[in-house]
There are 2 protein chains.
Amino acid sequence: MSNATRNDEGFSAKRTAEIVGITYRQLDHWARTHLVEPSLAAAQGSGSRRRYAYRDLLELKVVKTLVDAGIRLQKVRDVFSFVGESLDQDITRLNLVLTGDTVLVHDQNGTMDLLRRGQGVLMLNILPLAGVKEELDATIIELFPTEDDDEPSLDAPAVGD
Amino acid sequence: MSNATRNDEGFSAKRTAEIVGITYRQLDHWARTHLVEPSLAAAQGSGSRRRYAYRDLLELKVVKTLVDAGIRLQKVRDVFSFVGESLDQDITRLNLVLTGDTVLVHDQNGTMDLLRRGQGVLMLNILPLAGVKEELDATIIELFPTEDDDEPSLDAPAVGD
DNA sequence: CGGCGGAACTACACCCGTGTGACTTCCACA
DNA sequence: TGTGGAAGTCACACGGGTGTAGTTCCGCCG
């Protein structure tokens, strides 16, 4: 992250927690334990301020959605690291599918069970992990309405606070 | 509890967890930490079998309802001990009311905030903790249908397993 | 009665989330 | 520039819940 981050870029930790729908304490814990870290500005010690990019918020929302669906956080961690390391993919760009208590990734190559690190291929009742991005956008607009109607790209910081 | 408990009286731990809608591990933890204990037969070591009375199930259901409403388990413990010790009441016979993040008991004497040990009296939006018993009964009938239509008293064991 | 298999409990480790006090940083204002 | 207050992070403790391997109990069958 850049130390030259302007203070109005991205989202504060407090805002981020509100938008994603988690407690600050959860967000803090997830940042400290390297699940999702603030990419614009990491904590620099007591009293400093984290800054999250829109992309971070999307990742957090994916985490929340998976946890709300009953996937244990430790398993969510496994999924994130597997996607990043073994698939060399970006979690926010995958078509994740929840079915039962497992997480599938579904693309033209077929369907892969992420909780089993790609082992086995299942075709069960598919509940698409749909609308995560739309839901995030809606919450941002609802909580922090602005006159800027541009859709934020994943890397560009949205106007948050 | 009586060591002469017959095996078909009351409910096994596994059945109890199913009916109340919690994991066995939760039930085990709650029994070990004395939140709600199996009144018909306590654990006697590895391999023994707990037996729960209908009244225990009702208490467990109250716990679950409070926890689901966002009351921390530690606070639920406070409520239970306060009701039992200071009010000399039976939790399953009170008209509990959830409002916001607090628990009220409401009777002809007025309304008391149990989370504050009776301090303060609030009249806010009232959401009655209604139907706990009815819901429990419905779950028992749904999971373990029998031909016995008698409504179980609090102390008499229902036909469970 | 004895043996066996399955179910139940136990102990321990571990992670998660919360609460809280201490400390630091940041920001706004004079 | 200096100050004060608010906000944010940090460290620690603690309870809740889960997972798992080990042990014991219980019921059934021969």
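A, B, ... follow the sequence lines: proteins, then strands. Residue 1 opens every chain. Quick note: numbers below take in every heavy atom, side chains included, and nothing from hydrogens, waters or symmetry partners.
Nearest heavy atoms, A:L27 versus A:A13: CD2-O, 3.2 Å. When all heavy atoms of B:Y52 and B:A31 are compared, the pair lying nearest together is OH-CB, 3.7 Å.
Remark: side-chain polar atoms of B:D56 are paired, donor with acceptor, to backbone N or O of B:S39 under 3.5 angstrom.
Remark on DNA chain C: of its neighbouring residues A:G45 and B:A43, the 5'-side contact belongs to B:A43, judged by nearest-heavy-atom nucleotide. For the pair A:G47 and B:K14, nearest-nucleotide mapping onto DNA chain C gives the more 5' position to B:K14.
Rounded to the nearest 0.5 angstrom, A:F11 CZ and A:L40 CG are separated by 9.5 Å.
Regarding B:D28, its CG atom lies at a distance of 13 Å from the P atom of D:dG19, rounded to whole Å. Computed from coordinates, the A:R50 CZ to D:dA7 P distance equals 17 Å when rounded to whole Å. When the C1' atom of C:dG19 is taken as reference, atom CG of A:L27 falls 17 Å away, rounded to whole Å. Taking atom CD1 on A:I71 and atom P on D:dT18, their separation rounds to 14 Å, with Å as the unit. We find that CD of B:Q44 is positioned 13 Å from C1' of C:dA8, with the value rounded to whole Å.
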Do nucleotides 12-18 of chain C as a string where each nucleotide becomes B, S or -: B if the base has a protein heavy atom under 4.0 Å, S if just the sugar-phosphate does, - if no protein is that close. B--SSSB
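Nucleic acid contact class of B:R32 (heavy atoms, under 4.0 Å, all strands): base.
For the pair A:R51 and C:dC26, the criterion of a side-chain N or O lying under 4.0 Å from OP1 or OP2 is not met.
Donor-acceptor pairing under 3.5 Å is lacking for the side chains of B:T16 and B:R50.
A:S46 contributes a side-chain N or O that forms a donor-acceptor pair with the base of D:dT9 under 3.5 Å.
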Which pairs would a plain distance check flag for residues 18-26 of chain A, meaning a side-chain donor or acceptor within less than 3.5 Å of a matching protein atom at least two apart in sequence or in another chain?
| from | atom 1 | to | atom 2 | distance (Å) |
| --- | --- | --- | --- | --- |
| A:T23 | OG1 | A:Q26 | N | 3.0 |
| A:R25 | NH1 | A:D28 | OD2 | 3.1 |
| A:Q26 | OE1 | A:T23 | N | 3.1 |

